[in-house]
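Worksheet for the structure shown next.
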Amino acid sequence: MTMSDVLTLFSTADAAAVVLILAGWLGIGWRIEHPGPRPSVSILMAENRREWLRMTIERGNRIVDSQILGMLRANSSFFASSTLIAIGGTLALLGNSDQLRGVVSDLGVIDRSSEVFWEIKLILVLLFMVNAFLKFVWANRLFGYCGVLMGAIPNEPTDPRAMPRAQKAAQINIFAARSFNRGLRSIYFAMAATGWFLGPWGLLAATLTTCAILWRREFASQSRELLLTRDMDPAEAPNGPDSPA
(Lines give C-alpha, C1' and ligand atoms only; values in the text may rest on other atoms or scores of the structure.)
Protein backbone atom coordinates (compact mmCIF):
# COMPACT_ATOMS: atom_id res chain seq x y z
CA MET A 1 0.00 0.00 0.00
CA THR A 2 1.45 3.36 -1.06
CA MET A 3 1.39 6.55 0.97
CA SER A 4 -1.33 8.01 -1.22
CA ASP A 5 -3.46 4.93 -0.57
CA VAL A 6 -2.95 5.35 3.17
CA LEU A 7 -3.96 9.00 3.04
CA THR A 8 -7.20 8.14 1.30
CA LEU A 9 -8.22 6.14 4.39
CA PHE A 10 -8.52 9.36 6.39
CA SER A 11 -10.92 12.23 5.94
CA THR A 12 -10.33 15.95 6.26
CA ALA A 13 -11.93 15.76 9.70
CA ASP A 14 -9.32 13.21 10.76
CA ALA A 15 -6.50 15.50 9.64
CA ALA A 16 -8.06 18.48 11.42
CA ALA A 17 -8.49 16.47 14.63
CA VAL A 18 -4.85 15.34 14.58
CA VAL A 19 -3.64 18.90 14.00
CA LEU A 20 -5.85 20.05 16.87
CA ILE A 21 -4.50 17.54 19.38
CA LEU A 22 -0.90 18.39 18.48
CA ALA A 23 -1.64 22.11 18.67
CA GLY A 24 -3.45 21.62 21.99
CA TRP A 25 -0.56 19.61 23.42
CA LEU A 26 2.04 22.21 22.43
CA GLY A 27 -0.18 25.20 23.14
CA ILE A 28 -1.34 24.27 26.64
CA GLY A 29 2.21 23.29 27.57
CA TRP A 30 3.59 26.63 26.39
CA ARG A 31 0.84 28.53 28.18
CA ILE A 32 1.45 26.70 31.46
CA GLU A 33 5.19 27.42 31.31
CA HIS A 34 4.75 31.02 30.06
CA PRO A 35 1.52 32.13 31.77
CA GLY A 36 2.12 35.87 31.80
CA PRO A 37 0.49 37.91 34.60
CA ARG A 38 -1.68 34.98 35.74
CA PRO A 39 0.78 32.39 37.10
CA SER A 40 0.08 28.70 36.78
CA VAL A 41 0.48 26.14 39.55
CA SER A 42 3.75 25.03 37.97
CA ILE A 43 5.18 28.57 38.12
CA LEU A 44 3.98 29.07 41.69
CA MET A 45 5.56 25.78 42.75
CA ALA A 46 8.84 26.79 41.09
CA GLU A 47 9.15 29.67 43.55
CA ASN A 48 8.45 27.31 46.44
CA ARG A 49 11.20 25.03 45.14
CA ARG A 50 13.62 27.97 45.21
CA GLU A 51 12.58 28.76 48.78
CA TRP A 52 13.01 25.10 49.77
CA LEU A 53 16.59 24.95 48.51
CA ARG A 54 17.39 28.31 50.07
CA MET A 55 16.21 26.99 53.43
CA THR A 56 18.64 24.07 53.24
CA ILE A 57 21.43 26.55 53.96
CA GLU A 58 20.07 27.05 57.46
CA ARG A 59 19.62 23.33 58.17
CA GLY A 60 22.70 21.48 59.27
CA ASN A 61 20.86 18.17 59.12
CA ARG A 62 19.35 17.70 55.66
CA ILE A 63 17.78 14.30 56.12
CA VAL A 64 14.27 15.66 55.46
CA ASP A 65 15.47 17.37 52.28
CA SER A 66 17.07 14.13 51.11
CA GLN A 67 13.84 12.25 51.78
CA ILE A 68 11.81 14.77 49.77
CA LEU A 69 14.25 14.56 46.88
CA GLY A 70 14.22 10.77 47.08
CA MET A 71 10.43 10.80 46.87
CA LEU A 72 10.57 13.01 43.77
CA ARG A 73 13.04 10.65 42.11
CA ALA A 74 10.89 7.66 43.05
CA ASN A 75 7.84 9.29 41.44
CA SER A 76 9.67 9.96 38.18
CA SER A 77 11.06 6.41 38.19
CA PHE A 78 7.60 4.94 38.77
CA PHE A 79 6.05 6.89 35.91
CA ALA A 80 8.96 6.03 33.59
CA SER A 81 8.52 2.32 34.35
CA SER A 82 4.74 2.50 33.94
CA THR A 83 5.07 4.37 30.65
CA LEU A 84 7.55 1.80 29.36
CA ILE A 85 5.05 -0.97 30.10
CA ALA A 86 2.36 1.00 28.24
CA ILE A 87 4.72 1.41 25.27
CA GLY A 88 5.32 -2.34 25.23
CA GLY A 89 1.59 -3.00 25.29
CA THR A 90 0.99 -0.58 22.44
CA LEU A 91 3.74 -2.16 20.35
CA ALA A 92 2.23 -5.59 20.99
CA LEU A 93 -1.15 -4.28 19.89
CA LEU A 94 0.40 -2.89 16.71
CA GLY A 95 1.39 -6.43 15.80
CA ASN A 96 -2.15 -7.71 16.37
CA SER A 97 -4.57 -4.97 15.37
CA ASP A 98 -7.41 -7.50 14.92
CA GLN A 99 -8.01 -7.34 18.67
CA LEU A 100 -8.32 -3.57 18.49
CA ARG A 101 -10.79 -3.80 15.62
CA GLY A 102 -12.87 -6.19 17.69
CA VAL A 103 -12.94 -3.79 20.65
CA VAL A 104 -13.92 -0.88 18.40
CA SER A 105 -16.67 -2.97 16.84
CA ASP A 106 -18.04 -3.72 20.30
CA LEU A 107 -18.25 0.03 20.90
CA GLY A 108 -20.56 0.34 17.91
CA VAL A 109 -18.05 1.80 15.45
CA ILE A 110 -18.49 0.40 11.94
CA ASP A 111 -15.19 -0.94 10.69
CA ARG A 112 -14.57 -1.00 6.95
CA SER A 113 -10.92 -0.01 7.02
CA SER A 114 -7.66 -1.91 6.64
CA GLU A 115 -5.28 -2.72 9.46
CA VAL A 116 -3.09 0.25 8.50
CA PHE A 117 -5.96 2.57 9.40
CA TRP A 118 -5.96 1.38 13.01
CA GLU A 119 -2.19 1.06 13.25
CA ILE A 120 -1.68 4.71 12.39
CA LYS A 121 -4.09 5.67 15.16
CA LEU A 122 -2.08 3.53 17.56
CA ILE A 123 1.13 5.24 16.42
CA LEU A 124 -0.28 8.60 17.54
CA VAL A 125 -0.82 7.18 21.03
CA LEU A 126 2.65 5.62 20.92
CA LEU A 127 4.33 8.92 20.05
CA PHE A 128 2.84 10.61 23.12
CA MET A 129 3.86 7.68 25.33
CA VAL A 130 7.44 7.66 24.04
CA ASN A 131 7.73 11.39 24.67
CA ALA A 132 6.39 10.88 28.20
CA PHE A 133 8.96 8.14 28.87
CA LEU A 134 11.85 10.33 27.71
CA LYS A 135 10.66 13.23 29.87
CA PHE A 136 10.33 11.07 32.98
CA VAL A 137 13.79 9.56 32.49
CA TRP A 138 15.33 13.00 32.10
CA ALA A 139 13.45 14.29 35.15
CA ASN A 140 14.81 11.39 37.19
CA ARG A 141 18.34 12.22 36.14
CA LEU A 142 17.91 15.93 36.90
CA PHE A 143 16.58 15.17 40.38
CA GLY A 144 19.78 13.16 40.86
CA TYR A 145 21.85 16.17 39.79
CA CYS A 146 19.90 18.28 42.28
CA GLY A 147 20.82 15.84 45.05
CA VAL A 148 24.52 16.17 44.23
CA LEU A 149 24.32 19.96 44.17
CA MET A 150 22.37 19.97 47.44
CA GLY A 151 25.11 17.88 49.03
CA ALA A 152 27.68 20.43 47.86
CA ILE A 153 25.97 23.29 49.72
CA PRO A 154 28.18 24.28 52.71
CA ASN A 155 26.64 23.79 56.14
CA GLU A 156 27.77 27.23 57.24
CA PRO A 157 25.16 29.86 56.22
CA THR A 158 27.81 32.60 56.09
CA ASP A 159 29.89 30.71 53.55
CA PRO A 160 29.84 32.78 50.31
CA ARG A 161 29.43 29.57 48.28
CA ALA A 162 26.24 28.53 50.07
CA MET A 163 23.66 30.74 48.34
CA PRO A 164 24.98 30.35 44.75
CA ARG A 165 25.03 26.56 45.12
CA ALA A 166 21.56 26.54 46.65
CA GLN A 167 20.29 28.60 43.71
CA LYS A 168 21.90 26.19 41.24
CA ALA A 169 20.31 23.23 43.00
CA ALA A 170 16.93 25.00 42.97
CA GLN A 171 17.14 25.74 39.25
CA ILE A 172 18.05 22.13 38.42
CA ASN A 173 15.12 21.02 40.60
CA ILE A 174 12.82 23.33 38.65
CA PHE A 175 14.12 21.94 35.35
CA ALA A 176 13.44 18.41 36.64
CA ALA A 177 9.90 19.33 37.69
CA ARG A 178 9.27 20.94 34.31
CA SER A 179 10.36 17.77 32.52
CA PHE A 180 8.21 15.67 34.86
CA ASN A 181 5.16 17.87 34.18
CA ARG A 182 5.74 17.60 30.45
CA GLY A 183 5.74 13.84 30.80
CA LEU A 184 2.44 13.95 32.67
CA ARG A 185 0.90 16.13 29.96
CA SER A 186 2.04 13.65 27.32
CA ILE A 187 0.23 10.90 29.21
CA TYR A 188 -2.91 13.04 29.31
CA PHE A 189 -2.79 13.54 25.56
CA ALA A 190 -1.93 9.89 24.91
CA MET A 191 -5.20 9.04 26.63
CA ALA A 192 -6.96 11.72 24.58
CA ALA A 193 -5.48 10.21 21.40
CA THR A 194 -7.38 6.99 22.07
CA GLY A 195 -10.53 8.97 21.29
CA TRP A 196 -9.52 8.74 17.63
CA PHE A 197 -10.64 5.11 17.63
CA LEU A 198 -14.18 6.49 17.87
CA GLY A 199 -13.58 8.72 14.88
CA PRO A 200 -12.40 12.31 14.37
CA TRP A 201 -15.20 13.72 16.52
CA GLY A 202 -14.16 11.41 19.34
CA LEU A 203 -10.60 12.73 19.08
CA LEU A 204 -11.86 16.30 18.98
CA ALA A 205 -13.98 15.83 22.11
CA ALA A 206 -11.17 14.06 23.97
CA THR A 207 -8.69 16.82 23.06
CA LEU A 208 -10.95 19.63 24.21
CA THR A 209 -11.75 17.78 27.44
CA THR A 210 -8.05 17.20 28.17
CA CYS A 211 -7.16 20.84 27.52
CA ALA A 212 -10.01 21.98 29.78
CA ILE A 213 -8.86 19.67 32.59
CA LEU A 214 -5.25 20.86 32.35
CA TRP A 215 -6.33 24.50 32.21
CA ARG A 216 -8.51 24.16 35.27
CA ARG A 217 -5.85 22.39 37.32
CA GLU A 218 -3.19 24.95 36.46
CA PHE A 219 -5.22 28.17 36.48
CA ALA A 220 -8.51 27.64 38.33
CA SER A 221 -7.93 24.98 40.98
CA GLN A 222 -8.20 25.27 44.77
CA SER A 223 -4.53 24.34 45.10
CA ARG A 224 -3.60 27.37 42.99
CA GLU A 225 -5.69 29.66 45.18
CA LEU A 226 -3.95 28.24 48.23
CA LEU A 227 -0.51 28.82 46.72
CA LEU A 228 -1.45 32.43 45.98
CA THR A 229 -2.36 33.21 49.59
CA ARG A 230 0.42 34.91 51.48
CA ASP A 231 1.96 33.32 54.54
CA MET A 232 0.15 34.55 57.64
CA ASP A 233 2.12 36.06 60.47
CA PRO A 234 1.60 34.13 63.75
CA ALA A 235 0.30 37.32 65.36
CA GLU A 236 -2.42 37.54 62.70
CA ALA A 237 -3.59 33.96 63.08
CA PRO A 238 -6.95 33.30 64.77
CA ASN A 239 -5.21 31.56 67.67
CA GLY A 240 -2.19 33.85 67.68
CA PRO A 241 -0.61 35.29 70.83
CA ASP A 242 -2.70 38.48 70.67
CA SER A 243 -6.02 36.79 69.97
CA PRO A 244 -8.65 36.56 72.72
CA ALA A 245 -8.91 33.28 74.56
Side-chain angles (χ1 to χ4, degrees), residues 21-22 24-26 28-33 40-57 59 61-95 122-153 165-194 206 210-211 213-214 216-218 221 223-224 226-227:
I21 191 173
L22 294 176
W25 171 51
L26 296 174
I28 195 69
W30 186 89
R31 185 61 179 170
I32 288 172
E33 295 175 4
S40 61
V41 170
S42 298
I43 297 300
L44 294 172
M45 282 302 302
E47 184 54 39
N48 282 277
R49 292 175 189 276
R50 292 189 182 94
E51 183 63 21
W52 164 34
L53 270 301
R54 282 195 293 263
M55 291 299 294
T56 59
I57 299 175
R59 284 194 287 268
N61 189 335
R62 296 171 186 160
I63 294 178
V64 174
D65 304 295
S66 300
Q67 290 176 336
I68 295 173
L69 196 59
M71 178 189 66
L72 293 175
R73 289 202 71 185
N75 286 340
S76 60
S77 178
F78 169 78
F79 277 99
S81 300
S82 301
T83 306
L84 190 59
I85 294 172
I87 291 172
T90 306
L91 289 173
L93 198 55
L94 274 172
L122 274 175
I123 289 174
L124 179 62
V125 178
L126 184 63
L127 289 176
F128 282 119
M129 297 303 297
V130 169
N131 182 75
F133 171 75
L134 295 175
K135 296 302 181 184
F136 289 137
V137 170
W138 183 235
N140 186 275
R141 191 168 186 179
L142 288 177
F143 281 130
Y145 292 164
C146 178
V148 174
L149 289 172
M150 189 174 67
I153 300 174
R165 291 184 180 180
Q167 291 174 341
K168 287 182 181 179
Q171 196 59 44
I172 290 293
N173 195 284
I174 291 170
F175 289 158
R178 183 177 63 186
S179 184
F180 184 81
N181 289 334
R182 287 176 177 177
L184 288 178
R185 286 197 295 272
S186 291
I187 290 181
Y188 274 98
F189 280 95
M191 297 176 66
T194 61
T210 299
C211 289
I213 290 173
L214 288 172
R216 180 192 173 279
R217 292 183 177 180
E218 290 287 342
S221 61
S223 56
R224 180 183 179 277
L226 181 62
L227 290 171

Would you please test L126 and L122 for side chain to side chain contact (heavy atoms under 4.5 Å, CB included) and show each step?
CA-CA 6 Å; L126 184 63; L122 274 175; over 6 Å; no
Can we call the ring centroids of F128 and W25 under 6.0 Å apart?
yes
Please confirm whether the ring centroid of F79 lies under 6.0 Å from the ring centroid of F180.
yes
Would you indicate whether the side-chain heavy atoms of V137 and R141 approach each other to under 4.5 Å?
no
So do I187 and F133 actually touch side chain to side chain, heavy atoms under 4.5 Å?
no
Tell me, with the steps shown, if I213 and R216 meet side chain to side chain contact (heavy atoms under 4.5 Å, CB included).
CA-CA 5 Å; I213 290 173; R216 180 192 173 279; 6.0 Å; no
For the CE atom on M45, are there more than 12 heavy atoms of other groups (residues, nucleotides or ligands in this structure) within a distance under 6.0 Å?
yes
Take I174 and R50 through the side chain to side chain contact (heavy atoms under 4.5 Å, CB included) test and state the conclusion after the steps.
CA-CA 8 Å; I174 291 170; R50 292 189 182 94; 3.6 Å; yes
I'd like to know whether S186 forms a side chain to side chain donor-acceptor pair (under 3.5 Å) with N131, so could you lay out the CA-CA distance, the side-chain angles of the two residues, the decisive distance to 0.1 Å, and finally the verdict.
CA-CA 7 Å; S186 291; N131 182 75; 2.5 Å; yes
When you compare the side chains of W52 and N173, does any donor N or O come within less than 3.5 Å of an acceptor on the partner?
no
Rounded to the nearest 0.5 Å, how far does SG of C146 lie from CZ of R49?
9.0 Å
Do S221 side-chain atoms and E218 backbone N/O form a donor-acceptor pair below 3.5 Å?
no
Please answer whether the main-chain N or O of I32 pairs with a side-chain N or O of S40 as donor and acceptor at a distance below 3.5 Å.
yes
Once rounded to the nearest 0.5 Å, what's the spacing between atom CZ of R62 and atom CE of M150?
7.5 Å
Drop me the distance from L149's CG to R165's CZ, to the nearest 0.5 angstrom.
9.0 Å
Cationic N near anionic O, under 4.0 Å, R185 to E33:
yes
Is there a donor-acceptor pair closer than 3.5 Å between any side-chain N or O of S179 and the backbone N or O of K135?
yes
Passes side chain to side chain contact (heavy atoms under 4.5 Å, CB included), V41 versus R217? Steps please.
CA-CA 8 Å; V41 170; R217 292 183 177 180; over 6 Å; no
Please check: side-chain N/O of N140 versus main-chain N/O of R73, any donor-acceptor pairing under 3.5 Å?
yes
